[in-house]
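This report concerns only the one structure given below.
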Amino acid sequence: MPELSCQELIRFLDDYVDDTQPAELRAEFERHLEICPDCVDYLKTYRDTISLARGACAEDPSAPPPDDIPDELIQIILRSRPAG
Amino acid sequence: MVGLRKGDHDAFDSFVRLFAPRAMRIARRVLQNEADAADAVQDAFISAMSSIRQFRADCQLATWFQRVVTNAALMKLRSKLRKDIRSIDELAPAFYADGHRIGPKPAWAQTPDEILERSERCRMVHERISQLPEDSRNVVLLRDIQQESTAETARQLGVSESVVKTRLHRARQALRSMIEEELVVA
């Protein structure tokens with residue numbers, strides 16, 4: 001079997017990160033990662049990007065909602081209700 | 001839900017009073033400015049009401065509205081900064097004919113937690129997400145931020161699962177490139 005190239009690894013990196021590959025292909029990815037520091041760095045920064053997006057934007061559903069919403073804003077939103 | 005779809009005033013009143021506080025928290029975090037956050041929340045409710053008929057009752061109203069608010073806040077941020085949408089194609093990794101990547105850079109020196117500890121870095125991440133094209137941004141919001149499944153994301157966006165997978169991978173690569181532009185000095 002020909003060796004996996006960096007381009008092929010990066011093209012299907014989402015399947016590797018999301019762990020949706022067949023075991024044989026995953027093993028091939030891991031063999032490539034053992035010998036390719038550039039792809040190891042790409043994989044790390046790809047994963048870091050996902051963590052950064054989530055960390056910057058994710059809402060904690062267990063956190064209590066703030067109680068300092070101006071009533072004026074509520075009234076403006078209520079008045080702006082599109083005609084149904 | 002039925003009342004909201006029918007345009008019922010009382011249903012809309014309850015919806016606003018229930019969801020405005022959490023919406024304001026999301027918008028404040030992205031925009032870090034009270035007036036801009038209030039504008040984004042208002043935009044989000046208008047956007048939600050105009051698309052409520054497409055909302056599927058089998059997905060959570062809170063989750064759906066959270067994406068609408070985050071999107072509204074990111075769009076407000078981008079318009080305020082006068083930043084353009086970036087081309088996904090231009091941000092994709094490039095390769096030599098032999099399959100090696102062109103211009104690889106080292107991994108980032110800091111962990112995501114260390115990066116987000118600094119407010120200007122956190123803001124930078126918001127800005128870069130806001131510069132993704134809308135299709136890509138929605139997939140990132142649903143899959144990576146709200147951690148919905150590929151199937152649920154496909155259902156909410158009305159596209160196939162393979163489209164979700166392709167868009168997500170390209171969006172992650174583009175976002176990664178934009179963040180790298182900020183974090184790694186050439």
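Chain naming here is simple, since letters A, B, ... match the order of the sequence lines and numbering starts at 1 in each.
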Handout entry: Pair A/D41-B/R101, salt bridge (Lys or Arg N to Asp or Glu O under 4.0 Å): steps then yes or no
Key = CA-CA 12 Å; A/D41 285 349; B/R101 190 157 60 98; over 6 Å; no
Problem - Heavy-atom proximity to chain B below 4.5 Å, by part of A/L52 - result: both
Practice task
Go through the atoms of A/R47 and report whether side chain, backbone, both or neither lie under 4.5 Å from a heavy atom of chain B.
Solution key: neither
Handout entry: Proximity breakdown for A/L13 and chain B, heavy-atom pairs closer than 4.5 Å
Key = both
Handout entry: Contact origin within B/R29 toward chain A - heavy atom pairs under 4.5 Å
Key = side chain
Handout entry: A/D18 and B/H169, any side-chain heavy atoms less than 4.5 Å apart
Key = no
Exercise for the section: Side-chain contact test, heavy atoms from C-beta onward, threshold under 4.5 Å: evaluate it for B/K165 versus A/D14 and give yes or no. Expected result: yes
Practice task
Could you tell me which non-hydrogen atom of A/A63 sits nearest to which non-hydrogen atom of B/R22, and how far apart they are?
Solution key: O-NH1, 2.9 Å
Exercise for the section: Measure across B/P104 and A/D38 and return the closest heavy-atom pair with its distance rounded to 0.1 Å. Expected result: CG-OD2, 3.3 Å
Handout entry: Atom group of A/D68 that falls short of 4.5 Å from chain B, counting heavy atoms
Key = both
Exercise for the section: Determine, stepwise, if the pair A/I77 / B/F12 fulfils side-chain contact (heavy atoms from CB on, under 4.5 Å). Expected result: CA-CA 10 Å; A/I77 295 168; B/F12 183 66; 4.2 Å; yes
Handout entry: Toward chain B, the part of A/E72 with a non-hydrogen atom under 4.5 Å
Key = neither
Completion exercise
When the 4.5 angstrom heavy-atom criterion is applied to B/R123 and chain A, the contacting part is neither
Practice task
Start with the C-alpha distance between B/Q42 and A/S80, add both sets of side-chain angles, then the distance that settles side-chain contact (heavy atoms from CB on, under 4.5 Å), and finish with yes or no.
Solution key: CA-CA 8 Å; B/Q42 195 181 341; A/S80 69; 4.1 Å; yes
Problem - Under 3.5 Å side-chain donor-acceptor pair for B/R176 and A/T45 - result: yes
Practice task
Evaluate the salt bridge (Lys or Arg N to Asp or Glu O under 4.0 Å) criterion for residues B/D113 and A/R54: first the C-alpha distance (whole Å), next the side-chain angles of each, then the deciding distance (0.1 Å), finally the verdict.
Solution key: CA-CA 11 Å; B/D113 284 345; A/R54 178 156 177 74; over 6 Å; no
Exercise for the section: Rounded to the nearest 0.5 Å, what's the gap from CD on B/Q146 to SG on A/C57? Could you check? Expected result: 10.0 Å
Completion exercise
Rounded to the nearest 0.5 angstrom, the OG1-NZ distance for B/T111 and A/K44 is 7.5 Å
Practice task
Specify the closest pair of heavy atoms between A/A53 and B/L175, including all atoms of both residues, with the distance to one decimal.
Solution key: CB-CD2, 4.1 Å
Problem - Side chains of B/P93 and A/Y42 in contact at under 4.5 Å (non-hydrogen atoms) - result: yes
Exercise for the section: Find the distance between CD (B/Q173) and CD1 (A/I10) and round it off to the nearest 0.5 Å. Expected result: 7.5 Å
